[in-house]
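Report on one structure; see the data block that follows.
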2 protein chains.
Amino acid sequence: MFTKACGRYDVNVADEDHGALIRRQRRDVPQQMTKPQLDRGAGKPSRRERVREATLVEIKEIARRHLVEHGAAGVSLRAIAREMGMTAPGLYRYVSGIDSLLVLITADMFGELAAAVAAADASVPSEDTDLRILTSLRAFRSWAVTHRAEFATMFGPRVRLAPETDVTPALEAGRRFGATFYTLFDRLLAEERFPLPDGDRITPELARELRAFADTCGFSAPHIPVEAIMVLSTCWVRLYGVVCMEVFEHLNFVMRDMEPLFESELQNILTGLGVRYRTPESSTPVTMSTPD
Amino acid sequence: MFTKACGRYDVNVADEDHGALIRRQRRDVPQQMTKPQLDRGAGKPSRRERVREATLVEIKEIARRHLVEHGAAGVSLRAIAREMGMTAPGLYRYVSGIDSLLVLITADMFGELAAAVAAADASVPSEDTDLRILTSLRAFRSWAVTHRAEFATMFGPRVRLAPETDVTPALEAGRRFGATFYTLFDRLLAEERFPLPDGDRITPELARELRAFADTCGFSAPHIPVEAIMVLSTCWVRLYGVVCMEVFEHLNFVMRDMEPLFESELQNILTGLGVRYRTPESSTPVTMSTPD
DNA sequence: GGTGTTTGCTAACGGTGTTCACTAAAGCGT
DNA sequence: ACGCTTTAGTGAACACCGTTAGCAAACACC
């Protein structure tokens, strides 16, 4: 059984594979190796670069809209080009294929999510760590449920992408997103809010993985004990679980509104972290129409 | 902006929509309304029914193989038909489209997962509730990591299916799968292993959702308190989270082996349930080559 | 103005889901 | 055994999809 690269995915063909299988090296963004001859590298972008950047942004915007309107499977280069008044092959001057376009917008979306969380975080007094955490986590869920399609492509299985696609831009953005929480967690740690779990319940293998986790994610202030990293992982897993379950609608037929369950989980998680939980109403810095 | 039903997904077209939009009622399995005239309803299936059933099974088998080999996006009616030595339209005698085929195999996979868990459960002494739970949950993860593509389509976002697709068969199967765990949980409850959480931390909204959950899932032995249902939900969310995170490979670049983290979460969950945790080695009923 | 880069188009190939009209076969009743 | 009905499967067609190759116009720079 041979596989031949044809169309969108490699797909088995019944008959023999005629000729050698040539997997061409994909030129990432074609014909762009020579910069605008003049070395204006450090200076302001040339007119060409500006308009180029603009159309790339337009491509991504339309792709994004198609994503939310028709789901990940509904994003297609041809439809995007049609809407822009050009043809699909033209887009290859900007993106090296549908896969890389999806990766690009995924990276963008991580940026947006991070910004949304950061904005929520900044909207409360910076010295109130408890409230900041509470607000940030709620903002995460809010963004997720109001951006279901986006969340699914960011945090769901990579079902659309060909397996060999390079996803590092998205990973990078995801890493940066994670950093949003690390600083808050670091504060909790510094304030010694919660007791670290029993160290001898952490097997050597787990310790190794946790160390790798902390190192790769950059937040390895050298003193951080593995126990703390484990707590962070656990919390993240629980948050991820409850939000995924809501966005992927796996309890849909059984639970109409998932917010109460989320709040309950949130309460559990925070309590374990020594953070005071407040109900959504009581935690908003009430400017509730106090008539003066 | 009009949308026209064309090809796989509704997609916006730039030009006007010529003619009325006729959304034909999809006949579920065509030309099968009249049973084989003779009323052999209760008797053994007719020869026709048997061969029909056989080809349906073949279709699903091939689809399944393509799913694991090329991912969900790689399952196509044309490829399946090609492999069976027939043409794509012929498959419409058996399935009403690619979507319903995917739903069908999803339902099958829930059945297999449930069977795998049940088999693991049955492989340990039935009176040892602790070990049964431990084994069942580990079996769940095992199945998930050895059937990643399947797990992704079962528990991930419905990214491939058109939004209006009827997924009830899959949901039904999922519900049956859940029941695998309910009985075990019921035992825990009966044995009063863990203290129920504070009832007044459960808001009325949450209580209502939890009740609905229990009712719909059938395991509403009328005495079950909402507190217990909440514990069950929490556990399920955590299990779901850690397994999803592993299968969807969201910590891939940061953690090579996720098993230690899973075991750690498992330990946390079980401890909260009053179930004794045992490491994988110590929990296997050791027949470890004791030379006689 | 000439020259080289960049952009976008057309045409083409091979893939997809789905419908429709049709043939051939199988099953059933008499 | 014959005829009728129901079914299985085909081929052509339509509207999509991603991607490549070759070419012509637009642009930037000298």
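Letters go in sequence order (proteins before strands), and every chain restarts at 1. What you are looking at is a predicted structure, and each value in this text was computed from that prediction instead of being measured.
Atoms CE (B:Met86) and P (C:dA25) sit 16 Å apart, rounded to a whole Å. Separating the CZ atom of A:Arg82 from the P atom of D:dA15 is a distance of 12 Å, rounded to the nearest angstrom. Here C:dT18 presents its P atom at 11 Å from CD1 of B:Ile80, a figure rounded to the nearest Å. Taking atom CG of residue A:Leu102 and atom P of nucleotide D:dG18, one finds them 10 Å apart after rounding to whole Å. The CZ atom of A:Arg93 sits 13 Å away from the P atom of C:dT5 (whole-angstrom rounding). Separating the CZ atom of A:Arg52 from the P atom of C:dT5 is a distance of 15 Å, rounded to the nearest angstrom. Between the CG atom of A:Leu56 and the P atom of C:dT7 there is a distance of 11 Å, given to the nearest Å. Between the CG atom of A:Leu91 and the P atom of C:dT6 there is a distance of 18 Å, given to the nearest Å.
In the set D:dG18, C:dT10, C:dT16, C:dT16 carries the atom at the smallest distance from any side-chain atom of B:Ala79. Between D:dA28, C:dG17, D:dT19, one nucleotide has an atom nearer to the side chain of B:Ile98 than all others, and that is C:dG17. Comparing C:dC9, C:dG17, D:dG18 against the side chain of B:Ser76 picks out C:dG17 as the nearest.
The phosphate of C:dT18 has OP1 or OP2 within less than 4.0 Å of a side-chain N or O from B:Tyr92. A close approach under 4.0 Å does occur between a side-chain nitrogen or oxygen of A:Tyr94 and OP1 or OP2 of C:dG8. Listed pair B:Thr87 / D:dG9 fails the phosphate criterion, with no side-chain N or O lying under 4.0 Å from OP1 or OP2.
Remark: B:Arg175 engages B:Glu172 in a salt bridge (charged side-chain N to carboxylate O under 4.0 Å, His left out) (not counting sequence neighbours). Annotation: ring pair (Phe, Tyr, Trp, His ring centres under 6.0 Å) contacts of B:Phe181 (sequence neighbours excluded): B:Phe177.
Remark on the helix from C:dG1-D:dC30 to C:dT30-D:dA1: inter-end axis angle 0°, axes from five-pair C1' superpositions, rounded to 10°.
No donor-acceptor contact under 3.5 Å links the side chain of B:Arg78 to the base of C:dG15. Taking 3.5 Å as the limit, the base of C:dG27 and the side chain of B:Arg48 contain no donor-acceptor pair of atoms between them.
Under the 4.5 Å side-chain criterion, counting only non-hydrogen atoms from C-beta, B:Met84 is in contact with B:Leu91. Between A:Met245 and A:Val242 there is no side-chain heavy-atom pair separated by less than 4.5 Å. Side-chain contact check for B:Thr153 versus A:Val159: every heavy-atom pair is 4.5 Å or farther apart.
Nearest heavy-atom pair, A:Ser76 versus A:Ile98, reported as atom, atom and distance to 0.1 Å: CA-CD1, 4.2 Å.
Between A:Glu112 and A:His147, the side chains place no donor N or O within less than 3.5 Å of an acceptor N or O (distance only, hydrogens not considered).
In terms of position on DNA chain C, the residue among A:Gly90 and B:Leu77 whose nearest nucleotide sits closer to the 5' end is A:Gly90.
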